[in-house]
Number of protein chains: 2
Amino acid sequence: MPRNNRDIDQKEKKQAIIESAGSVFAEKDFDSASMAAIAKGAGVTPNTIYWYFENKDDLLIAVLNQQMSKVMPEVMAMRTASPTQRILHMIDAVESPGALMNTVHARISRSDALRTWHDNFHRMIEQILVFEATQHGIEPAKAVSYSRLLVYVIEGLISHPHETESREETIDQMLALVGIQ
Amino acid sequence: MPRNNRDIDQKEKKQAIIESAGSVFAEKDFDSASMAAIAKGAGVTPNTIYWYFENKDDLLIAVLNQQMSKVMPEVMAMRTASPTQRILHMIDAVESPGALMNTVHARISRSDALRTWHDNFHRMIEQILVFEATQHGIEPAKAVSYSRLLVYVIEGLISHPHETESREETIDQMLALVGIQ
DNA sequence: ACCTGAACACCGTTCAAGT
DNA sequence: ACCTGAACACCGTTCAAGT
């Protein structure tokens, strides 16, 4: 066993760190997930993580970005599914790896990078919802304000992973209220 | 100066700790607020806090309860104000002392006591909203499901303290959608 | 350029000992 | 019963030193 893994491709190692972080965040939560445990899972020393990432928040952002870039194409591809089903899929994917969304909100005041990520996330979801709403014949002005309300409901569902039962019903009700589907 | 403040009434000292915690949580945030800083603000040693509270989460719950028992009567007393104004007042009061609501959500998986507090909070808000809705002639079944949606929107506004501008507009839109006011 | 060992400052919490 | 000093185990992060 080599003293360090220079033979392993750098992209692979960075990827290994992100994946390890993702799974440790998922089974514990952000605060309980120590850099030591994440490093161990990736087969590196804790300090090595700091070669690839500025700090723990930066690593969190990398994990979130990875998740989103996996999920969004999936959601887009669900052409035949109902809006409710598409939203449900997104919530499931975002929420199952620990309650990271709550961590994002809780740490926004501490990390500018995290706030930027969060604002972009909101913008992205809202744009999709506005598109969806206008497709359903809702006038643009209303589509924008309804989308904002919808984002809050979606975030609410993500933030409360223990209330899974009536999740679909909740989305249906909200969509019916704003006139989508 | 006495070695310890036995002369000071216990209730007063406990109260001093809660108040110190409240203000330290407000200017920093839950994680950045050290027990040392809280203790200092209350004029005690860090360990003394553990005589009065089980742990940091327990102290957080005490702060939240204190806030709520101050705010709720105020909201109830606003008889002449519109529902929007009443909701706005509650959000302002809950959110201004740091983004503690986000901390609650982020730490639910770690603390059973915090989850219990959170569930009670939801129930309380939902009951008030259901009452409000039925007052406006909305049938009970719909009142319940609308209230759940409304709670998510309210929590969304609490969770995003930096989006203050359009807050009133957002509440108005949501209330209009469900037929209140 | 990439990685490590060892250290730093700090944290929440515990506990034996004091009054 | 109430409070403290001193310690414990752990944390994210830094940095000089190695390859």
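Letters A, B, ... mirror the listed sequences (proteins, then strands); counts begin at 1. Just so it is clear, the values below take in all heavy atoms, side chains as well, and ignore hydrogens, waters and symmetry mates.
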J.: Within the side chain of S34(A), is there an N or O that forms a donor-acceptor pair under 3.5 Å with the backbone of A37(A)?
T.: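 At least one qualifying donor-acceptor pair exists.
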J.: Check this one for me: any side-chain N or O of T45(A) less than 4.0 Å away from OP1 or OP2 of dC3(C)?
T.: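 Negative; the distance criterion is not met.
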J.: In whole Å, I'd like the distance from the CG atom of L60(A) to the P atom of dG12(D).
T.: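 In whole Å, dG12(D) P lies 13 Å from L60(A) CG.
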J.: Any salt bridge linking R107(A) with D57(A)? Criterion: basic side-chain nitrogen under 4.0 Å from a carboxylate oxygen.
T.: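 Salt bridge flag = yes for D57(A) with R107(A).
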J.: Looking only at the side chain of S34(B) (C-beta and beyond, no hydrogens), which of the listed nucleotides dC11(C), dG12(D), dC3(C) gets closest?
T.: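 Given the options dC11(C), dG12(D), dC3(C), the side chain of S34(B) is closest to dC11(C).
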J.: Quickly work out the I49(B) CD1 to dC2(D) C1' distance and round it to whole Å.
T.: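 I49(B) atom CD1 is separated from dC2(D) atom C1' by 15 Å.
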J.: Would you mind pulling out the nucleotide paired to dT4(D), Watson-Crick or G-U wobble, both distances under 3.5 Å?
T.: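 By the stated definition (distances under 3.5 Å), dA16(C) pairs with dT4(D).
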J.: Can you measure F30(A) atom CZ to dG12(D) atom C1' for me and round it to whole angstrom units?
T.: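 To the nearest whole Å, that distance equals 10 Å.
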J.: For dC3(C), take OP1 and OP2 only and decide whether either is under 4.0 Å from a side-chain N or O of K13(A).
T.: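 Checking dC3(C) against K13(A), a side-chain N or O does come within under 4.0 Å of OP1 or OP2.
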J.: Classify F53(A) by what it touches in the nucleic acid, base, sugar-phosphate, or nothing, heavy-atom distance under 4.0 Å.
T.: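 Answer is nothing: F53(A) stays at 4.0 Å or more from every strand.
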J.: Measuring from the side chain of V44(A) (C-beta onward, heavy atoms only), which nucleotide among dT4(C), dT4(D), dT13(C) has the closest atom?
T.: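 Ranking dT4(C), dT4(D), dT13(C) by closest atom to the V44(A) side chain puts dT4(C) first.
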J.: Taking the side chain as everything from C-beta on, heavy atoms only, tell me whether L114(A) gets closer than 4.5 Å to L60(A).
T.: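 Yes, close enough: below the 4.5 Å cut-off.
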J.: Separation of N55(A) atom CG from dC11(D) atom C1', in whole Å?
T.: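 Rounded to whole Å, this separation is 14 Å.
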J.: Nearest-Å distance, CD (E54(B)) to P (dT14(C))?
T.: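 In whole Å, dT14(C) P lies 9 Å from E54(B) CD.
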J.: Of the nucleotides dT4(C), dT4(D), dC2(D), which one has an atom closest to the side chain of T48(B)?
T.: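 Nucleotide nearest to T48(B)'s side chain: dT4(D).
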J.: Which part of the nucleic acid, if any, lies within reach of A39(A) when heavy atoms closer than 4.0 Å are counted: base, sugar-phosphate only, or nothing?
T.: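 If one applies the 4.0 Å heavy-atom cut-off, A39(A) turns out to touch nothing in the nucleic acid.
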J.: According to a strict under-4.0 Å criterion, is Y50(A) in side-chain N/O contact with OP1 or OP2 of dC2(C)?
T.: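 The answer is no; no side-chain N or O of Y50(A) sits under 4.0 Å from OP1 or OP2.
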J.: Please report, rounded to the nearest Å, how far the P atom of dC11(C) is from the NZ atom of K56(B).
T.: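 These atoms are roughly 9 Å apart.
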J.: Donor-acceptor pair, S145(A) side chain versus K142(A) backbone, under 3.5 Å?
T.: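 Yes, S145(A) side chain to K142(A) backbone: donor-acceptor pair under 3.5 Å.
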J.: Can you tell me the distance, in whole Å, between the CE atom of M35(B) and the C1' atom of dG12(C)?
T.: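 About 7 Å, once rounded to whole Å.
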J.: NA contact type, A33(A), heavy-atom cut-off 4.0 Å: base, sugar-phosphate, or nothing?
T.: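 A33(A): backbone/sugar contact only, no base atoms under 4.0 Å.
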J.: Have a look at Q15(B) and tell me which of E19(B), K13(B), K11(B), E12(B) forms a side chain to side chain donor-acceptor pair (under 3.5 Å) with it.
T.: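 Between Q15(B) and the candidates, side chain to side chain donor-acceptor pair (under 3.5 Å) is satisfied uniquely by E19(B).
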J.: Measure from CZ on R107(A) to P on dG12(D) and round the result to the nearest Å.
T.: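 For the pair R107(A) CZ and dG12(D) P, the rounded distance is 10 Å.
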